[in-house]
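To keep things clear, I will list the structure first and then write my remarks on it.
Just so you know, these numbers use all the heavy atoms, side chains as well, and skip hydrogens, waters and symmetry mates.
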Amino acid sequence: MLRFLTQRLLGMALTLWLVSIVAFVVIQLPPGDFAEAYLTEKQQSGAVLTQEEIAQMRQFLGTDRPWHEQYVTWFSDIVLRGNFGHSFEWKRPVADVIGERLPFTLALAFATLGFMYAVALPIGIYSAVRQYSLADHTFSFLGYVGLATPNFLLALVLMYLGQQWFGQSVGGLFSPQYEEAPWSWAKFADFLQHLWVPVIVLGTSGTAFLVRSMRALVLDELGKMYVVAARAAGLSPLKLLIKYPVRMALNPIVATLGWRLTFVISGAPIVGVVMSLPDTGPLFLHSLLNQDMPLAGAMVFIYCALTIIGTVISDVLLAVLDPRIKMA
Amino acid sequence: MTATTPTQSRSSGAYFRPDVATQWQLMWRRFRRHHMAMAGLAILGLLILIALFAEIIAPYQASQRNTRYLASGPMAIHVVDDQGNFHRPFVYAQVNKRDPVTLRMTAVEDRTRIWPIAFFVRGTPYELWGLIPTDIHLFGVEGGFVHLFGTDTLGRDLFSRTMYATRISLSIGLVGVLVSFIVGTIVGGIAGYFGGTVDFVIMRIIEFKRSIPTLPLWLALSAALPRDWSSLQIYVAITLLLALIGWTHLARTVRSKLLALREEEFVIAARLAGCSDARLIWRHLLPSFMSFLIVDVTIAFPEVLLAETSLSFLGLGLREPVESWGVLLYAAQNIRSIAHLPWLLIPGAFVIFAALAFNFLGDGLRDAADPYTK
């Protein structure tokens with residue numbers, strides 16, 4: 001177990017390091033640096049900056065040094081001091097800006113994961129047991145549509161219907177009166193009431209995918225000889241189903257939890273933008289559109305880190321639950 | 001792998017000429033039985049026709065403005081008028097009236113006059129495929145205008161723009177998938193053929209790619225494209241970026257198939273006969289699992305399509321005047337515009353239909369890819 005754990009953790013550290021390089025490349029990609037952008041901005045508004053001031057600014061920001069030195073500073077700041085740099089746009093430390101909104105992204109991601117499994121597993125099992133029934137066909141058609149619909153389109157349609165039927169916007173995570181209020185039970189309840197719409201939007205295609213794989217896996221198991229044997233021995237159908245085929249089918253489903261997490265995190269920014277949630281999505285898009293690269297790079301790094309850490313945790317959990325996995 | 005299988009004669013003793021079907025014929029037979037896949041194929045054929053003949057099908061140019069019909073909804077096609085008379089398909093004439101409340105000019109149906117729809121009418125001149133100058137359009141009305149999907153705030157015909165966007169969206173998907181096909185086959189081929197350390201390194205890279213959330217990364221990369229690039233340069237760059245999405249699946253398929261085939265006798269025979277590595281891969285190994293690759297390509301297509309739509313929708317993908325479905329949806333980005341102009345969501349239906357068609361097709365192909373299994 002210890003060996004498995006260290007192996008996974010080392011792998012995780014290596015991947016995180018690679019991701020940090022990718023994020024740093026993203027930061028460096030746009031031509032010119034912040035000093036230059038600042039200069040043009042000031043010039044447009046008529047202010048005059050001397051060459052000296054620009055040079056000072058570069059020195060302060062460290063953009064006059066070679067890129068590998070900049071990378072070392074940037075990365076060690078993150079690891080040692082939790083400092084992600086300074087946002088040009090917000091004129092505040094990146095870590096503070098993100099810190100305010102990250103909990104909402106996490107809440108949304110985990111709620112969506114829970115929703116996906118809670119909905120997909122029963123439907124998948126039912127579809128497999130009642131193969132080619134009307135319900136099975138309906139679910140698989142819905143699943144196809146769910147897979148083919150981009151998240152943002154679903155969000156737009158839901159918002160339009162909400163507007164038409166309830167006459168109110170279904171965007172956001174809070175009612176207006178709670179937006180600025182401190183946390184309380186009432187606010188939390190309001191939060192939960194708003195959370196389900198983005199959860200459905202974000203979770204639909206993942207749910208469709210899970211239903212399909214669960215259905216296929218259970219169908220595979222149902223055809224096996226041990227099921228026939230157990231049925232012949234007189235085990236009740238429901239007990240048999242839950243105890244053997246479903247349990248066998250669950251293994252690969254749980255094993256791919258990490259990928260599902262990657263999927264959810266990947267879709268979250270767009271949903272956040274379209275439904276104007278107070279999470280990191282709008283922040284990320286805004287930073288990209290304005291080329292606020294320290295913030296954008298940090299977001300890329302955090303999104304990647306979330307999925308990598310999540311995957312490792314799910315791997316370790318799985319190894320605890322199923323001792324056979326350690327061998328692989 | 002044998003290319004042909006003679007069917008067994010049931011009537012023993014009688015003279016029987018074996019009915020020989022090639023592997024592709026067997027696959028087609030099996031594919032035809034998959035109704036959803038056939039439906040997918042039909043939708044896809046329709047979309048490809050639209051993409052090929054967008055100029056003819058669209059009654060107007062994409063940038064053409066109709067100031068008499070600004071920000072107004074789809075015009076309904078009728079065959080029976082208010083008096084109960086039967087006509088050929090027509091739309092009611094539109095007149096401009098000043099709204100008494102907002103004092104803005106709005107288009108209102110004039111139900112006393114009709115504009116009959118005619119086919120192959122002369123309209124705005126254009127050049128088909130940039131080569132043939134003509135002014136024939138598939139349909140149109142004389143003395144008026146027709147906007148089947150409505151117009152945007154500038155009065156541009158959404159139907160025409162959607163037709164043109166079909167061309168861009170499909171071409172991006174096609175090129176993107178083609179590039180990822182080439183990259184995936186080469187990388188997967190190298191990994192599977194040589195094995196060992198090369199394989200190990202390539203598989204780790206693929207795993208790395210799978211473990212990071214792609215969309216944020218793609219967003220970041222396309223945001224980093226220089227602002228002063230022309231829309232054509234952006235188009236090429238975005239296509240290449242999207243091509244990077246699909247290649248890992250293909251590479252994995254190629255690799256696993258190659259690893260399995262490497263030990264087959266016909267491979268050893270070819271090698272003993274003095275085949276070069278390249279010839280062995282291209283002439284003997286690739287054809288034997290081409291069908292599986294086609295399945296993967298079909299499945300990669302909607303991924304690329306949806307990614308492009310998302311990027312463009314957020315304003316980080318293609319830019320006008322190069323218009324894809326996603327660029328059209330960009331206009332429907334906030335709830336205010338959807339509430340007033342809900343028909344701007346129509347291009348979204350095209351996205352869903354295209355993705356559905358490819359998914360159905362992929363499923364049918366997967367079943368057909370291995371015609372020897374039950």
Distance-minimising heavy-atom pair for [X] and [Y]:
X	Y	answer
A:Val26	B:Ala220	CG1-CB, 3.7 Å
A:Cys304	B:Pro213	CA-CD, 3.6 Å
A:Val145	B:Leu356	N-CD2, 3.9 Å

Contacting moiety of [X], where chain B heavy atoms sit under 4.5 Å:
X	value
A:Tyr144	both
A:Val19	both
A:Leu285	side chain

Problem - Heavy-atom pairs under 4.5 Å with chain B, option from A:Val274, A:Ile270, A:Val22, A:Leu288 with the top count - result: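 The residue among A:Val274, A:Ile270, A:Val22, A:Leu288 with the greatest pair count is A:Leu288.
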Practice task
Give the member of A:Thr15, A:Leu18, A:Val273 that has the highest number of heavy-atom pairs under 4.5 Å with chain B.
Solution key: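 When all of A:Thr15, A:Leu18, A:Val273 are compared, A:Leu18 has the most.
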Handout entry: Inter-residue atom distance B:Leu219.CG - A:Tyr303.OH, 0.5 Å rounding
Key =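 Output value for this atom pair is 9.0 Å.
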Problem - Interatomic spacing from CG in B:Leu316 to CG in A:Leu289 - rounded to 0.5 Å - result: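 Interatomic distance, B:Leu316 CG to A:Leu289 CG, rounded to 0.5 Å: 5.0 Å.
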Problem - Any donor-acceptor pair under 3.5 Å from A:Thr149 side chain to B:Ile352 backbone - result: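 No, the answer is negative, given that no donor and acceptor are paired below the 3.5 Å cut-off.
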Handout entry: Parallel, tilted or perpendicular: rings of A:Phe152 and B:Phe313 (30°, 60°)
Key =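 The rings of B:Phe313 and A:Phe152 lie parallel, inter-plane angle below 30°.
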